[in-house]
There are 2 protein chains.
Amino acid sequence: MMSSKNTPTRTKILQASLELLEAGQGAEVRMSDIAKRAGISRQALYLHFATRTELLVETTLFVDDLKGADKRLAPSRAAKTGIERLEAFVEAWGGYMPEIYGVGRPMMAMMDTDEEAAKAWNQRMWDVREGCEAAIKALKADQTLSPVYSVNQATDLLWTLLSVRSWEQLTQQCGWSQKKYIKSMKTLAHNTFVVAGTNLSQGKSK
Amino acid sequence: MMSSKNTPTRTKILQASLELLEAGQGAEVRMSDIAKRAGISRQALYLHFATRTELLVETTLFVDDLKGADKRLAPSRAAKTGIERLEAFVEAWGGYMPEIYGVGRPMMAMMDTDEEAAKAWNQRMWDVREGCEAAIKALKADQTLSPVYSVNQATDLLWTLLSVRSWEQLTQQCGWSQKKYIKSMKTLAHNTFVVAGTNLSQGKSK
DNA sequence: CGCGTTACTTTACATGATGTCAAGTAAAAA
DNA sequence: TTTTTACTTGACATCATGTAAAGTAACGCG
């Protein structure tokens, strides 16, 4: 019974999985590949993870732990004004996406065929939506939310703007730099959701 | 040699493929499924299409033919002002996406594993980008393009806003109606790309 | 009429990945 | 010393794609 313990072998597997996923630019990451890299037999993987999907899901949690997802989003929660919060969130999440894209890409690919994978990934994306909602609600509280949108509509829209797919298209397909992406998204979010007449990065409302 | 002919059997296959893809809400569409529905043997499929990918790609072309992709985009090309053109394009493409989503979903799923599928789908999406670019250039020509963005940047952004993935998120995940999607996108595109002080649906510039 | 070609059928099989099963082993724990 | 734990080895089931080969029924044509 090793259940949810942090045994060294389990960690080695997750580490191997992560390395392959991050390196793999389209390269398949098979169970046998992961086993080889972790230095154990393919069968041994199944002693720790029931399915490939489960391993992948656990890898995404592993990466959150490593890269400190929570800490990154903290500044956004600490922001005083809604505008600052919106900006901080765009910056934090926008900066985090490249870190998880390595595992995110295969996860998104699996969503189409694997129910479990879809559930796990959607759950995580829903958490992101909550971040969006919090930022929008902070704007609303400051009365700096554009009257064009309801809180829900603005949240949906912001969430879509900041989706991994959109980030992927802009940075991978269009060749945008990370810097350009974040700057553009800040501008776009500001211009879209903040009531007219309030400047970027000058959140002294009232 | 049946090469690129429109034989009845070939059409039957494409028809069957299309029906299954459109019906299939996550249901797998295997070669055997398509064969069964077309009323022929699985092997016969390979007499008309070398691979599953090729069949899927051909199905997307088939659907364009059926739904009249070209005709739908015509109004956009005919628009007098840039603003009208932008609006018409959002409306046309936004209205077209649900029609192709049935085949688009599996195509996008295949992109991750199949090089050919990726090339075919990207090619089609690139055509959409050209539509975006034309609309943005029309704004530029009218001097109604917001000075915040260059033509390229605006094109990339509009293209991403109008991507199938974004449409998918808003309509499938967030539950937006088609009407709401198009209206919101029109507003968003207008507010983002049209120079301030110009109203929606009143394109008399000059 | 006979002949060959076309379009399809049937059966069999190779491949490649996931996942299962069972027996064996080496070292730590009891 | 025995037992348990963690892993190894090798064999096998499954499932979809794609290949291969031989058979058949209809059709056009000299």
Side-chain angles (χ1 to χ4, degrees), chain A residues 1-17 20-21 24 26-59 103 105-107 109-120, chain B residues 1-17 20-21 24 26-59 103 105-107 109-120:
Chain A
M1 234 130 295
M2 62 196 39
S3 60
S4 53
K5 266 296 167 204
N6 274 10
T7 74
T9 305
R10 186 190 152 92
T11 306
K12 246 193 331 188
I13 295 171
L14 289 171
Q15 186 69 44
S17 167
L20 285 175
L21 287 172
E28 313 277 338
V29 178
R30 287 157 296 214
M31 292 300 263
S32 52
D33 297 324
I34 298 172
K36 190 184 294 179
R37 178 152 252 247
I40 63 174
S41 71
R42 185 176 72 89
Q43 276 48 6
L45 292 182
Y46 291 96
L47 299 175
H48 295 267
F49 307 93
T51 65
R52 189 179 115 100
T53 299
E54 187 182 316
L55 199 169
L56 270 285
V57 170
E58 294 294 319
T59 306
V103 293
R105 216 179 100 92
M107 283 294 292
M110 293 177 62
M111 286 182 63
D112 304 288
T113 59
D114 192 307
E115 197 56 41
E116 282 307 303
K119 225 164 59 184
Chain B
M1 234 130 292
M2 61 198 37
S3 62
S4 51
K5 267 297 168 201
N6 273 11
T7 74
T9 305
R10 185 189 153 94
T11 306
K12 249 195 326 191
I13 295 171
L14 290 171
Q15 186 70 42
S17 166
L20 286 176
L21 288 171
E28 314 276 340
V29 178
R30 287 158 297 216
M31 292 300 264
S32 52
D33 298 323
I34 298 171
K36 190 184 294 179
R37 178 154 253 250
I40 61 173
S41 71
R42 186 177 72 89
Q43 311 331 330
L45 291 184
Y46 291 97
L47 298 175
H48 294 267
F49 307 93
T51 67
R52 189 179 116 100
T53 299
E54 187 182 315
L55 171 54
L56 271 284
V57 170
E58 294 294 320
T59 307
V103 292
R105 218 180 98 91
M107 281 295 292
M110 293 177 63
M111 284 182 64
D112 303 289
T113 58
D114 192 307
E115 197 56 42
E116 281 308 302
K119 224 164 60 183

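Chain naming here is simple, since letters A, B, ... match the order of the sequence lines and numbering starts at 1 in each.
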remark   = Closest heavy-atom pair, A/Arg37 versus A/Ala16, reported as atoms and distance to 0.1 Å, is CG-CB, 3.7 Å
key: Atom pair distance, as rounded to whole Å: CG in B/Leu56 and P in D/dA16   = 16 Å
remark   = Of D/dT8, D/dT17, C/dT18, the nucleotide closest to the side chain of A/Arg42 is C/dT18
message = What is the distance, to the nearest angstrom, from the CG atom on B/Leu55 to the P atom on D/dA16?
response = 16 Å
request  = May I have the distance from B/Leu45 (atom CG) to D/dG18 (atom P), rounded to whole angstrom?
outcome  = 11 Å
remark   = Between CZ of B/Arg30 and P of D/dG18 the distance, given in whole Å, is 14 Å
message = Heavy atoms from C-beta onward define the side chain here; which of D/dT17, D/dA11, C/dT11 lies closest to that of B/Gln43?
response = C/dT11
message = Is any side-chain heavy atom of B/Val57 closer than 4.5 Å to one of B/Glu116?
response = no
message = Less than 4.0 angstrom between a side-chain N/O of A/His48 and OP1 or OP2 of D/dA6, yes or no?
response = no
remark   = Looking only at C/dA7, D/dC7, C/dG19, the nucleotide nearest the A/Leu47 side chain is D/dC7
key: Stepwise side chain to side chain contact (heavy atoms under 4.5 Å, CB included) test for B/Thr59 and B/Phe49   = CA-CA 11 Å; B/Thr59 307; B/Phe49 307 93; over 6 Å; no
query = Which listed nucleotide (C/dA7, C/dT9, D/dG18) is nearest to the side chain of B/Ser41?
reply = C/dT9
Proximity to the side chain of B/Tyr46 - top-ranked nucleotide from D/dC7, C/dA17, D/dT19 = D/dT19
ask   = In whole angstroms, how far is the P atom of D/dT17 from the CD1 atom of B/Ile34?
value = 8 Å
request  = Could you check how far CD of B/Glu28 sits from P of D/dC15, rounded to whole Å?
outcome  = 13 Å
query = Between A/Glu116 (CD) and C/dG19 (C1'), how many Å, whole number?
reply = 16 Å
Heavy-atom pair of closest approach, residues A/Met110 and A/Thr53 = CE-OG1, 3.1 Å
Spacing between A/Phe49 atom CZ and D/dC7 atom P, to the nearest angstrom = 11 Å
message = I want to check something: taking the side chain as every heavy atom from C-beta on, are A/Arg10 and A/Glu58 in contact at a cut-off of under 4.5 Å?
response = yes
